[in-house]
Amino acid sequence: MHEIEQVDLNKQHGKPNMANYEEVYASFQWKQVKEELAGLPEGKGFNIAYEAVDHHANGIQETKVALRWIGKEGVNQEFTYHELKDQTNRFANVMQGLGIHKGDVVCTLTGRIPELYISALGTLKNGSIYCPLFSIYGPEPIYQRLSKGRVKILVTTKALYEKKISDLWNRLDDLRYVLLTDVTDHQSGDVRSFQRLMMEASSEFIIAETDPEDRALLHFTSGTTGMPKGVIHVHESALTHYITGKYVLDFQSDDVFWCTADPGWVTGTSYGILSPLMHGITNIVLEAEFDAELWYQTLEEQKITIWYTAPTAIRRLMRMNIDVRKKYDLSALGLIHSVGEPLNPEAVRWAEKTLGMPILDNWWQTETGGIMIANYPSMPVKPGSMGKPLPGIEAEILDYDENEVDLRFAKTGESGQLALKKGWPSMFRGYLDEEERYQKCFVGDWYLTGDLANRDEDGYFWFVGRADDIINTAGHMVGPFEVENVLIEHPAVAETAVIGKPDPIAGELVKAFVTLKDDYGPSEELSLELKGFARQRLGSAVAPKEIEFKDELPKTRSGKIMRRLLRDQESENLEKA
């Protein structure tokens, strides 16, 4: 039996929006969610950015702080909903002036700076497609995504442009302009100043008619083979962003919310930008990377009421010898949520002891567009569980074999592939230019998530493992092929196989097994050289942290490298250590 713990809600947070899960789940209908949202004026459709910004700016929340940015150098900026409307209108007009229209892809490659948020929302107002990229990516992953996405506009900084983009121009046929956020003057005809263009643009903009099925977001996620997959979401996905903000994150009118995820990751877009703004609350953005003391200080000083973070960060905090309750006043904090990988039970109990409340874990994917299975404020918590399906989501465990025709639903406690019934608003509408690959994700009415799970007698879901080889390192999803494709270009490498090695902090580390060409021998110097070679091409988040030389890699009879066997061997070695 799994231990059950009831969430002791902080009195500062108030009564949950969903007091009785079973009642809401039984009566839920997606059409009722749409009735809670505004829609474009004069019945001109549905636009995410209108719901997130203009709807509030045109009403009583006009002067409320929408976005509070905390910069690295101690400089803070605030944007009310009215000011955010003004700025995003300007960016939409900039796009119009540069000839960027509905369906064109606009990409950001920056850290967490205000220009990213303005660009994202302004792009959606323009009817264009917003595509975020991690600033930590190296040139090759950036090229792959810009090229495959046929990106027309890239918003970035001067340093990132010079380091990672300038040498790619001759390979990117679709890229028209690069907008630099931190220069005051245009650098050339196609490298322009974001600031200058914004100053010259009008703050008046009328969002054109937007169909709920118009493409809105493009997120790239790595696959186990081939190049990154471009996951397509439409404007209607906002219904999921909204209702998960209401029922899972439990947003209420006076909340101050902080999502620590970078917008380069789907969580940082769906819940670091869209969902909180759709609820008209104050959204905190911290530019700096992880620092335990800074994070606790931010929670205290900003009086954060709801905090959404990742297991990697939580494990780092757990390793710190900080008496949190004695050193910091976190009395405003009412709820803590986690996503990215399964949250171990020890972390839930640590938070209850150290922070005064358990962490509520939830599960979803880039393809699902929003939270699908969650622990809710009004429900008992089973530490280590994913929770229960969102109202409007039908989840099952399938005993699925692609070689069999019939689907079989697994019994209680039996592991199988987690599947979701088609039809929720934020279900991805395709993989960019890969229709066959998209169709393979579905069997009948069911989307196959590729994750293995089971369901207990109380209806709680439990994550078991992944059905493929994706590596989840500190919340970053890394495809082995992406890393192998770079390593094999080194003159010393004959063959290579990349796996995720279990790690107590990052969840998994990227580890590469390498066989060398005859005129090379294994050495510490060569190992360092290979790591540096990969880091330069892929960036630190994707490049392997460990290299192990092998005389031969395990293969199937057809010659396919058996990554699973390498993972099993690695796990056995760790158990023996």
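In this chain, numbering begins with 1 at the start of the sequence shown. Note that this is a predicted model, so its numbers are computed, not measured.
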Please examine the side chains of [Y] and [X], heavy atoms only from C-beta on, and report whether any two atoms are closer than 4.5 Å.
{"X": "T309", "Y": "W295", "answer": "yes"}
{"X": "E236", "Y": "P425", "answer": "yes"}
{"X": "V155", "Y": "L116", "answer": "no"}
{"X": "V106", "Y": "V151", "answer": "no"}
{"X": "L274", "Y": "L124", "answer": "yes"}
{"X": "S270", "Y": "W364", "answer": "yes"}
{"X": "N76", "Y": "W69", "answer": "no"}
{"X": "I48", "Y": "H233", "answer": "no"}

Give the minimum heavy-atom separation between [X] and [Y], together with the two atoms involved.
{"X": "A512", "Y": "P544", "result": "CB-CB, 4.1 Å"}
{"X": "A52", "Y": "L121", "result": "CB-CD2, 4.2 Å"}
{"X": "A541", "Y": "I136", "result": "CB-CD1, 3.1 Å"}
{"X": "P554", "Y": "L565", "result": "CB-CD2, 3.6 Å"}

With a 6.0 Å cut-off on the ring centroids, do [X] and [Y] count as close?
{"X": "H490", "Y": "F533", "value": "yes"}
{"X": "Y271", "Y": "W265", "value": "no"}
{"X": "F134", "Y": "H476", "value": "yes"}

Counting only N and O atoms by type, is there a donor-acceptor contact under 3.5 Å from the side chain of [X] to the main-chain atoms of [Y]?
{"X": "Q144", "Y": "P228", "result": "no"}
{"X": "E287", "Y": "K72", "result": "yes"}
{"X": "R192", "Y": "Y177", "result": "no"}
{"X": "E508", "Y": "I471", "result": "no"}
{"X": "T282", "Y": "A66", "result": "no"}
{"X": "T269", "Y": "P263", "result": "yes"}
{"X": "T221", "Y": "T366", "result": "no"}
{"X": "H241", "Y": "G369", "result": "yes"}

About how many Å separate [atom2] of [Y] and [atom1] of [X], when rounded to the nearest 0.5 Å?
{"X": "L154", "Y": "K152", "atom1": "CG", "atom2": "NZ", "value": "14.0 Å"}
{"X": "K545", "Y": "T473", "atom1": "NZ", "atom2": "OG1", "value": "5.5 Å"}
{"X": "L487", "Y": "I547", "atom1": "CG", "atom2": "CD1", "value": "5.5 Å"}
{"X": "L133", "Y": "T156", "atom1": "CG", "atom2": "OG1", "value": "9.5 Å"}
{"X": "D262", "Y": "S135", "atom1": "CG", "atom2": "OG", "value": "6.0 Å"}
{"X": "E115", "Y": "L179", "atom1": "CD", "atom2": "CG", "value": "11.0 Å"}

Could you check whether [X] pairs with [Y] (Lys NZ or Arg NE/NH1/NH2 to Asp/Glu carboxylate O, under 4.0 Å)?
{"X": "E434", "Y": "K148", "result": "yes"}
{"X": "E495", "Y": "K550", "result": "no"}
{"X": "D190", "Y": "R176", "result": "no"}
{"X": "R112", "Y": "E289", "result": "yes"}
{"X": "K511", "Y": "E570", "result": "yes"}
{"X": "E83", "Y": "R68", "result": "no"}

TODO: Decide yes or no on side chain to side chain donor-acceptor pair (under 3.5 Å) for S237 and S426, but give the supporting numbers first.
DONE: CA-CA 4 Å; S237 64; S426 64; over 6 Å; no

Task: Option passing side chain to side chain contact (heavy atoms under 4.5 Å, CB included) with T260 (candidates Y308, W307, F290) - done: W307

- [ ] Check whether the side chains of W258 and N283 place a donor and an acceptor atom closer than 3.5 Å, and report yes or no.
- [x] no

TODO: For Y117 and Q87, test the side chains for any donor-to-acceptor distance below 3.5 angstrom and give the result as yes or no.
DONE: no

Open item on the list: Before you tell me yes or no, could you show the steps for R316 and I505 under side chain to side chain contact (heavy atoms under 4.5 Å, CB included), namely the whole-Å CA-CA distance, both residues' side-chain angles and the distance that decides it to 0.1 Å?
Closed with: CA-CA 6 Å; R316 288 181 177 178; I505 301 299; 3.7 Å; yes

- [ ] Go through the steps for Q77 and L67 under the test side chain to side chain contact (heavy atoms under 4.5 Å, CB included), then give the verdict.
- [x] CA-CA 8 Å; Q77 276 186 265; L67 194 71; over 6 Å; no

Acceptor/donor pairs from residues 198-219 side chains to any protein atom, 3.5 angstrom cut, sequence neighbours excluded:
| residue | atom | partner | partner atom | Å |
| --- | --- | --- | --- | --- |
| E200 | OE2 | R196 | NE | 3.2 |
| S202 | OG | E204 | N | 3.0 |
| T210 | OG1 | N47 | ND2 | 3.3 |
| T210 | OG1 | A208 | O | 3.0 |
| D211 | OD1 | E213 | N | 2.8 |
| E213 | OE1 | R429 | NE | 2.9 |
| E213 | OE2 | R429 | NH2 | 2.8 |
| D214 | OD2 | K102 | NZ | 2.9 |
| D214 | OD2 | D211 | N | 2.9 |

Task: Inter- and intrachain pairs under side chain to side chain donor-acceptor pair (under 3.5 Å), touching residues 118-132, at least two apart - done: D54-K125, T88-K125, N89-K125, Q96-N126, T108-Y130, N126-S128

- [ ] Only pairs at least two apart or in different chains count here, so list each side chain to side chain donor-acceptor pair (under 3.5 Å) that has a residue in residues 512-527.
- [x] none

Open item on the list: The test is side chain to side chain contact (heavy atoms under 4.5 Å, CB included); show your working for K501 and E546 and say whether it passes.
Closed with: CA-CA 9 Å; K501 175 183 176 179; E546 291 186 21; 3.0 Å; yes

- [ ] List in chain and number order the residues that pass ring pair (Phe, Tyr, Trp, His ring centres under 6.0 Å) with Y447, two or more places apart in sequence or in another chain; answer none if no residue qualifies.
- [x] F428, F442

Task: ring pair (Phe, Tyr, Trp, His ring centres under 6.0 Å) involving F79 - partner list, sequence neighbours excluded - done: none

- [ ] Walk me through it: do K229 and F220 pass the test side chain to side chain contact (heavy atoms under 4.5 Å, CB included)?
- [x] CA-CA 5 Å; K229 299 173 289 185; F220 281 100; over 6 Å; no

- [ ] Could you go through the ring pair (Phe, Tyr, Trp, His ring centres under 6.0 Å) check for F194 and F91 one step at a time?
- [x] CA-CA 9 Å; F194 181 99; F91 189 78; 5.7 Å; yes

- [ ] Apply salt bridge (Lys or Arg N to Asp or Glu O under 4.0 Å) to E529 and R535, showing your working.
- [x] CA-CA 10 Å; E529 183 180 329; R535 229 178 358 254; over 6 Å; no

Open item on the list: Tell me every residue that passes side chain to side chain contact (heavy atoms under 4.5 Å, CB included) with Q439, counting only those two or more places apart in sequence or in another chain.
Closed with: E435

